[in-house]
Structure formats: structure tokens, C-alpha cells
Amino acid sequence: MTHSKWQFITKRNVEVKYLQQTRNLQLKQVCYLSWCFYFIFLCWFSVCFSKNKRMLMSDLHWIVWLVAVASCEYGEKLKVILKIRNQKGAIDVGNPVTLDCSISSDLPGWRYRWYQWRQIEGWNVINDISGDTYTVQSMSQSDSGEYWCCAVRDDHPHYAEFSNAVTLTVQEKPKATLKMKNQRIPVSAGDTVTLDCSIEGGFTGWRYIWYKLNWTEGSDLLNDTTGETYTVQSVTQSDIGVYWCCGYRDELPQSSEDSNVVILRVQEKPKVTLKLRNQKKSVSIGDNVTLDCSIEGGFTGWRYTWYKVNWAGRRNLVKGITGDTYMVQSVTQSDTGVYWCNGRRNDPPRYSDNSNIVPVIVRGKQNVMLKMKNQKETVYAGDNLTLECSTEGDLPDWRYRWYRWNQAGLWNELKNISGDVYTVQSVTVSDSGKYWCYAFRDDPPEYSEFSNAVTLTVKVDFSTGNVVRLGLSCLVVTVLLVLVSECFWIRVLSASTSNEGDKICNSE
């Protein structure tokens with residue numbers, strides 16, 4: 001026992017002894033006064049009412065005697081009881097506590113004195129409390145200790161005994177611990193991160209509150225979980241921040257301390273570059289194709305994954321290739337598609353970003369033949385012309401483009417022509433020139449070679465038949481001109497004659 005506590009107990013015992021002696025003295029005075037009152041009353045009653053038959057002497061004797069005894073025994077039953085209101089067991093830090101002090105008396109005017117014993121500070125009189133209730137709004141470790149109360153009044157009896165002692169034990173909240181589960185630092189973008197919150201003490205029934213402190217936006221309450229784990233699927237830069245947790249439950253202790261913080265840093269995935277080695281605009285069937293995948297940052301131990309999307313939109317994983325080079329020997333039409341790659345390894349950063357895409361177009365060696373349909377040795381002005389472009393094989397969905405090199409030295413694409421036939425009705429000399437075509441498809445994209453050139457020379461026919469036809473045409477034109485001229489002059493002469501007749505008539 002410490003010296004200060006011994007002093008407190010000694011002083012308390014002295015005060016209690018003093019109060020008891022004072023109370024006993026008061027009780028003796030009350031008893032003496034009661035017996036004196038009893039004796040005086042008995043004498044008075046004997047003189048005044050000895051002849052009254054309605055009340056027996058013995059009955060009155062017992063009544064007065066009981067009053068006196070009750071007066072003497074009243075003080076012995078005044079006891080003070082101290083209780084903790086609505087509280088069981090240890091008290092959590094921060095919780096409120098209320099102590100109730102009650103006395104077994106119906107007498108009014110009681111005031112209360114409160115005492116506290118603290119392990120460090122010793123005993124203390126709580127001077128600012130005189131009511132029968134003492135409340136601590138937020139308990140702390142310094143509030144731990146033993147508490148008493150004492151009832152005091154100005155009228156008789158003045159004092160009562162000290163109450164029983166009540167011990168308040170304030171316990172620290174259970175500690176919460178936050179860890180990143182099965183994860184290495186730093187975290188790469190795309191990783192899955194799981195945070196695990198555990199609370200010491202073996203208590204059950206915990207529900208958890210999760211917090212995140214962003215670098216720029218302040219603290220957020222993560223409302224999407226109340227469990228002991230918080231998982232982020234495929235983390236991004238927006239998940240960067242400081243995380244912590246705490247627990248709460250219905251039973252005591254009702255809450256835990258906030259956990260330690262875990263800082264989540266997300267490292268960007270290394271960039272990847274995909275190139276086509278010895279790249280050409282298109283490589284043909286039978287060629288060799290090599291794709292090179294490189295990852296920035298100088299990290300080693302990468303294993304590569306290769307992907308391909310064909311022109312039908314189907315994504316395929318290229319199996320069996322984990323190196324940084326993908327080679328296709330003797331490509332075919334089925335190798336046409338879009339390729340990309342990425343990398344993964346055991347140490348952070350464990351994943352790379354996806355590379356750029358590289359289209360690989362395998363062009364078939366399709367031969368295209370251009371010829372003049374119903375070809376004549378010589379094409380004359382006025383003839384009809386049909387050119388036909390044809391490809392080898394039975395591949396469907398071919399479309400065609402047509403080109404002409406005219407005599408003026410201009411290269412023209414013949415618009416609005418996508419079929420395999422080009423027709424000119426009644427050719428003229430201006431249609432002369434060289435013609436080509438080629439075929440193409442969209443799915444998969446494939447182009448043929450240019451066709452052979454077909455030279456068209458349109459001539460004017462000066463044969464006998466044509467001369468006769470030309471002469472007859474000229475004769476017809478001459479006759480028409482003569483007839484038109486005759487009609488004109490007849491009209492002119494008629495108009496002149498009519499005017500002369502009008503003049504003669506007018507003169508007369």
C-alpha cells in the first residue's frame with residue numbers, strides 16, 4: 001500500500017469515526033430526550049386522566065415506549081449506497097459513466113460529498129459535485145480508481161455513513177491492425193490488392209469501417225464493405241492513397257482504436273513496343289514474318305504473351321510463345337490479322353502494359369487478266385466497247401478498280417466502276433488510251449497485282465461504204481438548206497407585195 005493511499009484511508013477512517021461518534025452522541029441525546037418526554041408524559045397523564053376508563057394505562061405506556069425506541073433506532077438504518085448506472089465490467093476509453101449515490105431516508109435536504117482514489121494522484125475530494133449523481137462524459141485512464149460518496153444535511157441527523165466503494169476500471173480500446181495481404185510493394189497497375197483488418201483481444205462480432213485518404217481530395221469513407229477485408233480489383237492510379245480501418249460491435253468493448261495506416265502506391269506498367277522486323281507495306285504468301293516485342297525500364301525476367309485478332313474480330317491467344325520474338329515461317333492468308341503483346345514476371349513490376357498493335361496483311365499472289373470482250377482488230381468511232389477484268393481462282397467478294405492513261409498524258413481512275421466489266425457505248429476518238437484494272441477484298445484485306453494493259457485506239461472509218469454514206473448525208477443537208485432558203489425568200493416577196501397594194505389603196 002502506498003503512503004498516500006494509507007494517508008487517505010487513515011483520514012477517511014478518522015472522518016468516518018468522527019461521524020459515527022457524532023451520530024452516536026446525537027442518537028444518545030435523542031434517546032434521552034425521548035425517555036424524558038416519556039416520563040413527563042406518563043406523569044401528566046396519570047394526574048389528568050387516571051379516572052378515564054376509555055384508555056388503559058398499559059396501552060398508552062407501550063405506545064410511548066415504541067415511539068422512544070423508534071427514535072433511538074432510526075439512525076442505525078441510514079445507509080448510503082453507491083452504484084454504477086447501466087454499466088457492467090470494464091469501461092472503454094471515451095465512454096460515459098454515471099454514478100448514483102442514494103440514502104435510505106425519506107428526510108429532505110440531503111447533500112452529497114464525493115471522493116475519489118487514483119493510483120497516481122492519491123485521494124481527491126470532488127468539490128464541484130453536491131448532487132446524488134456524478135457523471136464523467138468521456139472516461140480516460142486517469143479516471144480509473146475507487147469512488148465513495150457521503151450524505152450530509154443541516155438538520156438532525158446531520159451525517160450518515162460513507163457509501164460502499166465502487167471501482168472504475170478504464171480499459172484501452174482493442175487495437176486494430178491493418179496489413180496488405182499476400183502483396184509485395186510497390187503495387188503495379190492492374191494488380192489485385194487485398195487489405196486485411198484484424199482486432200486483438202479475441203472478441204467476436206466485429207463490423208469494420210474503412211477509410212481512405214486521397215492525396216488531393218481528403219478522407220473518404222469506403223461504404224462498399226463492412227467485412228474484415230477490402231479488395232481492389234485491378235488497381236489504377238485513382239486507388240493511390242492512405243488506408244486505415246477500425247471496428248465496432250454491439251457488445252463491450254463496442255469499438256476499437258483506429259488501425260495503423262497502409263500507404264498504397266501504384267506503379268505504372270512499363271510500356272511495350274511491338275515492331276515488324278524488316279517491315280514492308282504488305283509481305284506476300286510464302287514470306288517469313290518476324291515480330292519483336294520490347295519492354296522499357298531495364299527490368300529482366302519477362303515472359304511474353306502474344307495475341308492476335310483476325311479480320312472476323314475473333315481474339316486468339318498465340319500459344320507456345322513466351323519469348324520477345326514471334327516468327328511465322330511461310331505465311332498464308334490465315335496469318336492476316338492484328339497482333340500485340342505484353343509481359344509478366346515474378347518481381348515488381350509484375351505486369352507490363354499492352355503494346356501497340358501491328359497489322360499483318362498477307363497479300364495473295366493473284367493474277368488479273370484484262371481483255372477486250374468481242375475484240376476486233378480495229379475499233380472505229382461509234383462502236384460499242386466492253387473490257388473484262390478477271391482473277392484466278394474462285395475467291396468471292398472481289399471488287400475492281402479501273403484506270404486509263406489517255407493520249408494527253410493524264411492518269412485517270414474511272415469512277416463509279418467496281419465490277420469486273422467496263423462498257424463504253426459508241427466510243428469516240430477521245431476514248432483512246434491504255435486501260436488497267438486490279439482486284440481487292442476487305443475481309444481479309446487482299447490486293448491483286450495490276451492487270452496487263454489494254455491499248456484502245458479509236459479510228460474514223462474512210463472505206464467506200466462510209467464515203468457513200470457521207471455523200472448522201474451531205475446531199476440531204478444541201479437539199480434541206482435549199483428548201484429553207486426558198487421558203488425564206490417567198491415569205492420576203494409576199495410581204496413586199498402586200499405593202500405596195502396597201503399604199504395604192506391608201507392613195508386613192
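Predicted, not measured: the structure shown is a model, and the values here were computed from it.
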Subject >> Point-to-point distance, once rounded to the nearest 0.5 Å, from CG of Asp420 to OG1 of Thr391 >> reply: 8.0 Å
List the residues meeting side-chain contact (heavy atoms from CB on, under 4.5 Å) with [X], not counting sequence neighbours, and say none if there are none.
{"X": "Asn342", "answer": "Thr305, Tyr307, Ser352, Asn354"}
{"X": "Asp132", "answer": "Tyr112"}
{"X": "Glu251", "answer": "Arg249"}
{"X": "Asp353", "answer": "Lys269"}

How close do [X] and [Y] get, heavy atom to heavy atom, and via which atoms?
{"X": "Val235", "Y": "Ser188", "answer": "CG2-O, 3.4 Å"}
{"X": "Val454", "Y": "Leu370", "answer": "CG2-O, 3.4 Å"}
{"X": "Arg207", "Y": "Asp250", "answer": "NH2-OD1, 3.3 Å"}
{"X": "Gly323", "Y": "Trp306", "answer": "O-NE1, 3.0 Å"}
{"X": "Val97", "Y": "Leu168", "answer": "CG1-CD1, 4.1 Å"}
{"X": "Cys246", "Y": "Asp258", "answer": "CB-OD1, 3.4 Å"}

Taking only residues two or more places apart in sequence or in another chain, which ones pass ring pair (Phe, Tyr, Trp, His ring centres under 6.0 Å) with [X]?
{"X": "Tyr400", "answer": "none"}
{"X": "Trp302", "answer": "none"}
{"X": "Trp206", "answer": "none"}
{"X": "Phe203", "answer": "none"}

Side chains of residues 291-298: which donor-acceptor partners sit under 3.5 Å, not counting sequence neighbours?
unit_1, atom_1, unit_2, atom_2, d
Asp292, OD1, Arg277, NH2, 2.8
Asp292, OD1, Thr325, OG1, 3.4
Asp292, OD2, Arg277, NE, 3.0
Asp292, OD2, Arg277, NH2, 3.3
Ser294, OG, Thr273, O, 3.4

**OP:** Name all residues meeting the salt bridge (charged side-chain N to carboxylate O under 4.0 Å, His left out) criterion together with Lys319; count only those two or more places apart in sequence or in a different chain, and write none if there are none.
**Re:**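 Salt bridge (charged side-chain N to carboxylate O under 4.0 Å, His left out) check on Lys319 returns nothing, list empty.
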Original post:
What residues form a salt bridge (charged side-chain N to carboxylate O under 4.0 Å, His left out) with Arg345, not counting sequence neighbours?
Top reply: none
Subject >> Steps toward side chain to side chain contact (heavy atoms under 4.5 Å, CB included) verdict (Tyr208, Thr229) >> reply: CA-CA 9 Å; Tyr208 294 83; Thr229 59; over 6 Å; no
Side-chain heavy-atom pair [X], [Y] within 4.5 angstrom cut-off:
{"X": "Asp191", "Y": "Arg350", "answer": "yes"}
{"X": "Met372", "Y": "Leu385", "answer": "yes"}
{"X": "Leu264", "Y": "Val193", "answer": "yes"}

**OP:** Please confirm whether the backbone N or O of Arg404 pairs with a side-chain atom of Asn412, one donor and one acceptor, at under 3.5 Å?
**Re:** no
Subject >> Lys/Arg N to Asp/Glu carboxylate O, Arg265 vs Asp239, below 4.0 Å >> reply: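 Salt bridge flag = no for Asp239 with Arg265.
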Subject >> Residues forming a side-chain hydrogen bond (donor to acceptor under 3.5 Å, both in side chains) with Tyr243, sequence neighbours excluded >> reply: none
**OP:** Anything under 30° is parallel, anything over 60° is perpendicular, the rest tilted; go ahead and classify Trp244 against Tyr211.
**Re:**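 Taking Tyr211 first and then Trp244, their aromatic rings lie parallel (interplane angle under 30°).
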Original post:
Is the Tyr403 ring parallel, tilted or perpendicular to the Tyr438 ring (thresholds 30°, 60°)?
Top reply: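 Taking Tyr438 first and then Tyr403, their aromatic rings lie parallel (interplane angle under 30°).
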**OP:** Flag yes if more than 12 heavy atoms outside Ile357 fall under 6.0 Å of its CD1 atom; otherwise flag no.
**Re:** no
Subject >> Residue Lys175 excluded, over 12 heavy atoms near NZ under 6.0 Å >> reply: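 Check fails, neighbour count at 12 or below.
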Original post:
Can you list the steps and then say if Thr478 with Leu480 is a side chain to side chain contact (heavy atoms under 4.5 Å, CB included)?
Top reply: CA-CA 5 Å; Thr478 301; Leu480 290 175; over 6 Å; no
**OP:** Any chance you could lay out the side chain to side chain contact (heavy atoms under 4.5 Å, CB included) test for Thr457 and Val379, step after step, and finish with the verdict?
**Re:** CA-CA 7 Å; Thr457 302; Val379 178; over 6 Å; no
Original post:
Do Val289 and Asp335 pass the side chain to side chain contact (heavy atoms under 4.5 Å, CB included) test, and can you show the C-alpha distance, the side-chain angles, and the key distance before you say yes or no?
Top reply: CA-CA 10 Å; Val289 173; Asp335 295 311; over 6 Å; no
